[in-house]
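Here's the structure we're looking at; comments come further down.
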There are 6 protein chains.
Amino acid sequence: MLLQLSTWPEVESYLERSRGIIIPIGSTEQHGPIGLIGTDALCAEAIAKGVGEAVAAMVAPTLNVGMALHHTAFPGTISLRPSTLIAVVLDYVTCLARSGFDRFFFINGHGGNIATLKAAFSETYYHLESIDREVKCQVGNWFACRSVYQLAKELYGDKEGSHATPSEVALTWYLYPDFIKKASMSETVASGYPIYGSRDFREHYPDGRMGSSPDLATPEHGRRFYEVAVKELSEAYLQFMG
Amino acid sequence: MLLQLSTWPEVESYLERSRGIIIPIGSTEQHGPIGLIGTDALCAEAIAKGVGEAVAAMVAPTLNVGMALHHTAFPGTISLRPSTLIAVVLDYVTCLARSGFDRFFFINGHGGNIATLKAAFSETYYHLESIDREVKCQVGNWFACRSVYQLAKELYGDKEGSHATPSEVALTWYLYPDFIKKASMSETVASGYPIYGSRDFREHYPDGRMGSSPDLATPEHGRRFYEVAVKELSEAYLQFMG
Amino acid sequence: MLLQLSTWPEVESYLERSRGIIIPIGSTEQHGPIGLIGTDALCAEAIAKGVGEAVAAMVAPTLNVGMALHHTAFPGTISLRPSTLIAVVLDYVTCLARSGFDRFFFINGHGGNIATLKAAFSETYYHLESIDREVKCQVGNWFACRSVYQLAKELYGDKEGSHATPSEVALTWYLYPDFIKKASMSETVASGYPIYGSRDFREHYPDGRMGSSPDLATPEHGRRFYEVAVKELSEAYLQFMG
Amino acid sequence: MLLQLSTWPEVESYLERSRGIIIPIGSTEQHGPIGLIGTDALCAEAIAKGVGEAVAAMVAPTLNVGMALHHTAFPGTISLRPSTLIAVVLDYVTCLARSGFDRFFFINGHGGNIATLKAAFSETYYHLESIDREVKCQVGNWFACRSVYQLAKELYGDKEGSHATPSEVALTWYLYPDFIKKASMSETVASGYPIYGSRDFREHYPDGRMGSSPDLATPEHGRRFYEVAVKELSEAYLQFMG
Amino acid sequence: MLLQLSTWPEVESYLERSRGIIIPIGSTEQHGPIGLIGTDALCAEAIAKGVGEAVAAMVAPTLNVGMALHHTAFPGTISLRPSTLIAVVLDYVTCLARSGFDRFFFINGHGGNIATLKAAFSETYYHLESIDREVKCQVGNWFACRSVYQLAKELYGDKEGSHATPSEVALTWYLYPDFIKKASMSETVASGYPIYGSRDFREHYPDGRMGSSPDLATPEHGRRFYEVAVKELSEAYLQFMG
Amino acid sequence: MLLQLSTWPEVESYLERSRGIIIPIGSTEQHGPIGLIGTDALCAEAIAKGVGEAVAAMVAPTLNVGMALHHTAFPGTISLRPSTLIAVVLDYVTCLARSGFDRFFFINGHGGNIATLKAAFSETYYHLESIDREVKCQVGNWFACRSVYQLAKELYGDKEGSHATPSEVALTWYLYPDFIKKASMSETVASGYPIYGSRDFREHYPDGRMGSSPDLATPEHGRRFYEVAVKELSEAYLQFMG
């Protein structure tokens with residue numbers, strides 16, 4: 001069930017059988033020469049919908065913009081500051097807790113969100129405890145699923161890299177076959193340099209890739225990533241609801 | 001062009017010919033017994049994409065959650081506090097201004113967002129001026145387009161109401177024909193009572209409608225609303241871009 | 001009754017018969033070549049006192065500074081950022097709610113305050129609900145009263161304009177006859193250009209007027225504006241109090 | 001010169017000869033059985049106007065509400081939180097610094113404001129330095145003037161106390177002779193107990209006075225306080241301006 | 001007892017006999033040519049431990065960084081903004097109040113902290129009252145103890161000054177005899193100029209001293225300061241605990 | 001070199017040869033029946049000092065309190081909210097950047113700090129870039145050093161656990177041999193349950209341990225942990241400084 005495509009009486013009914021909700025969160029950030037700027041949001045959203053169907057859970061609308069400040073020297077990137085994202089998550093959870101939801105499963109498509117999400121959960125628990133409410137939040141990173149990791153390793157080995165990866169590009173190609181982009185890329189690609197500010201990032205990763213060869217992607221790979229991720233995160237959701 | 005489905009080099013190219021961007025903003029809030037919770041976001045998103053195509057402008061991902069605190073006594077509503085939404089808008093605009101964008105056209109689907117958006121624009125201008133940057137923001141409310149208003153009047157007269165209206169429901173039916181909901185509704189519907197807090201709101205508007213008869217909607221009406229709104233807001237965008 | 005000129009035991013007595021309070025809010029901003037910088041605060045204050053007398057309501061001290069960031073390129077303007085004004089309104093209402101007040105009627109002299117005030121009310125309701133309190137806030141804009149509008153139209157037609165208007169100047173002349181300023185003004189006056197940042201505003205409205213001819217004002221006009229505004233807002237207050 | 005009663009071109013002229021401005025700040029808080037709730041704001045405002053005349057300085061509108069959280073258990077008290085007041089002062093100073101002002105002389109009527117004002121000045125300097133601006137702020141507490149202190153000692157000895165004092169009550173009686181209140185008060189009055197939270201405060205200072213006998217005040221005393229305060233603060237202003 | 005060197009069951013036991021805790025707060029800021037940057041924190045910490053032993057009270061870890069923005073033009077200074085320090089104090093007190101502590105005695109080593117601490121206490125009381133909790137906070141400034149003042153006067157007369165004083169330097173020499181620094185200093189030293197921004201401060205106090213001759217210090221003086229301060233603040237703590 | 005035990009001219013000299021600084025950060029939180037509440041801060045501080053000596057780097061005073069909200073249901077725990085810790089880190093780095101430091105190496109003793117520190121770094125980079133400054137921050141978690149991990153595995157195998165671990169307890173025993181605590185502990189210890197709010201945490205980890213047997217610690221183990229951690233983090237620091 002998609003929250004956006006439900007009515008409030010339907011949500012009321014849903015809450016009689018479950019208090020869990022899935023919230024997809026992605027990012028709007030450069031993904032190298034051929035990766036879509038929306039990659040992280042689009043992947044998180046598709047997988048969240050898949051999981052929602054598999055486990056009959058409510059799926060909230062996607063947080064399309066996350067914490068991607070280090071990518072802001074590339075045109076098209078949008079990011080929240082961490083303190084803003086903390087406020088946003090607190091607001092989401094606090095509102096939905098009023099509705100009666102008490103388990104929040106964030107399906108995340110962007111590594112850069114993880115730290116701020118964890119911080120936001122702590123801030124939210126503390127705020128809600130001060131007014132005598134308790135909830136539980138969890139992050140499921142689709143790209144970090146064991147099955148996804150194994151498949152990426154099998155398909156791409158070292159060329160998976162850590163940003164603008166062939167696995168996430170493959171998934172977007174599966175989801176959006178009309179938006180398969182091509183561009184010439186240098187064979188050598190920067191990798192291993194730590195992330196600091198945005199200018200420094202662009203200087204060290206001039207085309208936006210981090211050790212990845214996104215041109216290895218195929219839509220068929222994407223289908224396989226989608227399936228294993230949905231399967232693994234569905235199990236994670238059920239265990240979380242446990 | 002959709003920002004999410006573009007690559008950063010494509011954005012770079014786009015910026016050579018235009019510095020404008022369209023940002024759809026909606027809400028995730030109760031819309032009465034048959035209206036979809038995502039109505040405001042879904043309508044804003046569809047119209048923004050339509051305008052983007054018509055005027056060859058970049059369209060950012062949708063802000064799905066806006067300022068709907070007064071609806072939070074109904075299950076399923078998610079809202080940002082105004083101070084959070086101000087921070088979110090400031091972050092969006094500040095990031096995109098770094099990319100080179102300087103005209104921000106928000107296509108809005110929710111009356112409750114207007115006040116906070118205006119406040120956010122002021123806060124953002126002031127912040128950017130303090131670091132010597134200047135941008136321009138504008139809101140285009142699709143539901144307040146003259147052509148939309150006239151069509152709604154013609155089709156529904158007084159029964160348009162002001163929340164969970166047949167016009168917006170019609171638009172969602174046109175966009176999402178598989179999600180046409182039915183429910184029995186009282187013939188009399190509350191209207192005219194001012195909006196205060198969320199408990200008070202639910203007490204006075206017990207099924208969530210404000211003076212509206214959403215069951216008058218048809219998908220065909222929705223198509224007409226879509227078309228006039230896209231047309232009128234496309235003109236508004238071009239005028240804004242000067 | 002003026003809160004500032006009351007003792008706390010008098011407030012305690014007042015609360016036994018009424019839980020309503022009037023809060024004047026204005027702005028400290030340029031008002032063109034002859035308009036007083038305090039125009040919006042002075043008008044709101046005078047009318048609030050008039051209403052307070054007419055309906056025997058408590059009147060709080062005036063919020064002299066509001067949201068006028070777009071005027072800050074003119075010397076003498078003081079503004080709060082919207083996020084600051086939201087905090088201020090939340091603090092006012094929260095404190096007075098502890099006293100037992102639960103109806104807050106803001107008499108407003110500045111169009112630029114309206115959006116932020118609405119945002120502030122939402123933020124305040126939400127905060128107070130989280131600690132189990134409920135209040136109601138309303139804005140009465142004296143310059144937008146139907147009777148004021150009609151009188152301005154009758155007296156000035158198109159030359160009323162939208163900032164540094166003859167109606168508000170007239171009112172200050174009635175209230176402060178020793179501070180009637182004169183200056184030569186260009187006959188043509190800018191109008192119709194949207195409001196963005198402060199530098200842009202001054203560039204387009206070089207003497208600060210927006211489509212207005214403030215030199216049409218007379219103190220006698222001011223008296224008439226005062227009277228119709230007090231009358232109409234007194235009725236609005238009584239209706240608000242139910 | 002009063003900023004509120006000036007036009008922006010007059011401010012522009014003023015700035016050619018001086019970059020200093022006086023900002024009165026008071027409080028809206030209980031002042032015992034007969035003291036006016038607005039005492040601190042009314043006194044600061046009157047003295048600021050007197051100083052402004054004496055030294056030909058611009059006087060900004062009065063900050064009527066300050067930091068009085070410890071008085072909020074008495075009806076009628078309004079206070080900002082310290083963090084809000086810091087934001088307000090930062091906004092005032094930042095706006096006026098854009099105009100060209102660089103010396104800010106706060107004439108203060110409330111001891112409880114001093115700490116937060118000092119904190120606010122530091123926060124403001126730091127913010128402005130980050131964008132390469134420099135200003136100077138100073139507080140002049142009328143009630144702490146040496147001449148005021150001596151006069152109060154001479155007139156009231158120990159019965160001056162530290163809140164709802166006869167000296168400030170006298171000053172309001174001089175300024176507002178129509179608002180001289182009477183009430184029976186216990187002869188013994190609490191004093192010497194430290195200030196913590198608002199409930200604790202009211203418990204220990206049940207009628208709001210702190211060691212004072214405000215009924216010793218006379219309007220004539222008020223005139224004398226007014227005169228010595230204006231004189232001493234005028235000198236302080238001139239010294240501040242260097 | 002030092003909180004850092006206790007276990008939670010020991011804290012639980014402590015709370016059965018006392019609800020008071022001592023929190024040392026200092027600063028990390030320039031202290032002239034020979035004063036240690038940590039002077040204020042090191043002194044506060046040592047005295048707090050001494051008081052803790054004398055009165056068998058729990059001592060929290062030291063807040064090493066306080067409000068020293070005006071010193072930030074000298075290398076090595078670290079400061080919180082006042083609004084940050086308010087949040088920090090609120091967090092400390094709120095957490096410890098959950099544990100059951102309700103009396104917070106801050107032993108302070110830096111004059112620049114006093115204003116912000118007072119503001120923070122008000123903000124904290126107000127927040128805790130809103131969720132029905134009450135606590136009491138107090139500051140004990142070791143350098144402002146009557147006995148310290150008298151000893152400094154006796155030893156140094158006018159040469160005590162007001163920053164980088166021989167008394168505080170003496171105390172650090174007593175505590176850290178291996179870190180006695182020497183440097184040539186001008187005989188004349190700036191004094192009496194008010195504190196504004198950090199650049200202005202350094203311009204007027206070029207070597208960081210304010211009217212002081214820190215080279216008059218001896219470790220033996222330091223021992224005496226330590227002893228009188230511990231004695232006086234121990235009495236103050238016991239009185240605070242009532 | 002310890003910043004607290006340096007003078008500002010010494011810092012000025014230091015900056016001529018290095019722009020790096022080490023900042024120890026710990027936590028003040030329950031560490032099970034025998035672990036010290038200050039464990040994380042004490043360990044981080046000792047190791048930071050060791051690294052500082054080894055690499056001749058400046059060491060700032062310890063951030064004794066970090067992000068430990070989930071431990072606040074145990075008495076004695078103090079935590080900052082993540083948003084507060086972000087502000088604190090931003091203030092530290094911003095001040096020290098004014099001094100000329102541009103490499104910030106945080107030596108961290110608490111896993112719960114990592115997420116918020118990462119968020120804080122992003123927020124800080126973004127803020128500083130907006131005013132044209134660039135710095136680099138890095139976290140070195142002593143407990144996550146490869147050599148520490150291997151030693152803990154060798155000494156304790158599975159009984160290392162993840163909170164109140166024998167390795168950190170051993171280190172405190174080495175550092176503070178007078179504070180070796182004893183208590184009877186259940187042989188079975190909870191582990192593997194995720195961290196949500198503080199009440200939930202205490203319910204699932206009733207004595208505060210997470211899968212650990214801290215009574216396996218010895219001071220001699222602590223010495224070995226200290227040495228390998230200092231060695232590994234010294235190398236990390238030098239690599240960071242490039």
Side-chain angles (χ1 to χ4, degrees), chain A residues 2-12 14-15 26 28-39 41-42 58 60-65 68-69 71-81 83-84 87-88 90-92 95-96 98-101 172 176 178-179 181 183 198 207-208, chain B residues 2-12 14-15 26 28-39 41-42 58 60-65 68-69 71-81 83-84 87-88 90-92 95-96 98-101 172 176 178-179 181 183 198 207-208:
Chain A
L2 301 185
L3 179 61
Q4 289 192 305
L5 296 175
S6 305
T7 64
W8 73 259
E10 289 170 342
V11 177
E12 200 168 55
Y14 173 83
L15 282 163
T28 297
E29 65 183 46
Q30 70 83 12
H31 269 79
I34 62 169
L36 304 179
I37 283 174
T39 298
L42 301 170
M58 186 68 76
T62 304
L63 271 160
N64 290 305
V65 169
L69 291 177
H71 292 296
T72 52
F74 288 92
T77 299
I78 313 178
S79 176
L80 301 180
R81 284 167 294 166
S83 55
T84 306
V88 166
L90 188 146
D91 285 356
Y92 270 56
C95 283
L96 290 167
R98 281 201 64 180
S99 290
F101 291 98
T172 60
Y176 295 86
D178 296 343
F179 290 88
K181 310 289 170 93
S198 69
D207 73 358
Chain B
L2 301 184
L3 179 62
Q4 289 193 304
L5 295 175
S6 305
T7 64
W8 74 259
E10 289 170 343
V11 177
E12 201 168 55
Y14 173 84
L15 282 162
T28 297
E29 66 184 43
Q30 70 83 12
H31 270 78
I34 63 169
L36 303 179
I37 282 175
T39 297
L42 300 170
M58 186 68 76
T62 305
L63 271 159
N64 290 305
V65 169
L69 290 177
H71 292 298
T72 53
F74 288 92
T77 299
I78 313 179
S79 176
L80 301 180
R81 283 167 294 166
S83 55
T84 305
V88 166
L90 188 146
D91 286 355
Y92 269 57
C95 283
L96 289 167
R98 282 201 62 179
S99 289
F101 291 98
T172 60
Y176 296 86
D178 296 343
F179 291 86
K181 310 289 170 93
S198 69
D207 73 359

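Naming: A, B, ... by sequence-line order, numbering from 1 per chain.
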Fill in the blank from the handout: Counting heavy-atom pairs under 4.5 Å with chain B, the top scorer among A:Gly100, A:Gly32, A:Pro9, A:Gly35 is A:Gly32

Against chain B, label [X] side chain, backbone, both or neither, depending on which of its atoms sit under 4.5 Å from a heavy atom there.
| X | value |
| --- | --- |
| A:Arg98 | side chain |
| A:Tyr176 | side chain |
| A:Ser83 | neither |
| A:Ser79 | both |
| A:Ala73 | both |
| A:Leu2 | neither |
| A:Glu10 | side chain |
| A:Tyr92 | both |

Against chain A, label [X] side chain, backbone, both or neither, depending on which of its atoms sit under 4.5 Å from a heavy atom there.
| X | value |
| --- | --- |
| B:Ala183 | neither |
| B:Ile34 | backbone |
| B:Phe74 | both |

Fill in the blank from the handout: Interatomic distance, CG@A:Leu3 vs CD1@B:Ile37, rounded to 0.5 Å, equals 4.5 Å

Practice task
For B:Gln30 and B:Gly208, indicate whether the former's side chain and the latter's backbone hold a donor-acceptor pair under 3.5 Å.
Solution key: yes

Exercise for the section: Sort out for me which of B:Leu63, B:Thr39, B:Thr28, B:Thr172 touches chain A most, counting heavy-atom pairs under 4.5 Å. Expected result: B:Thr28

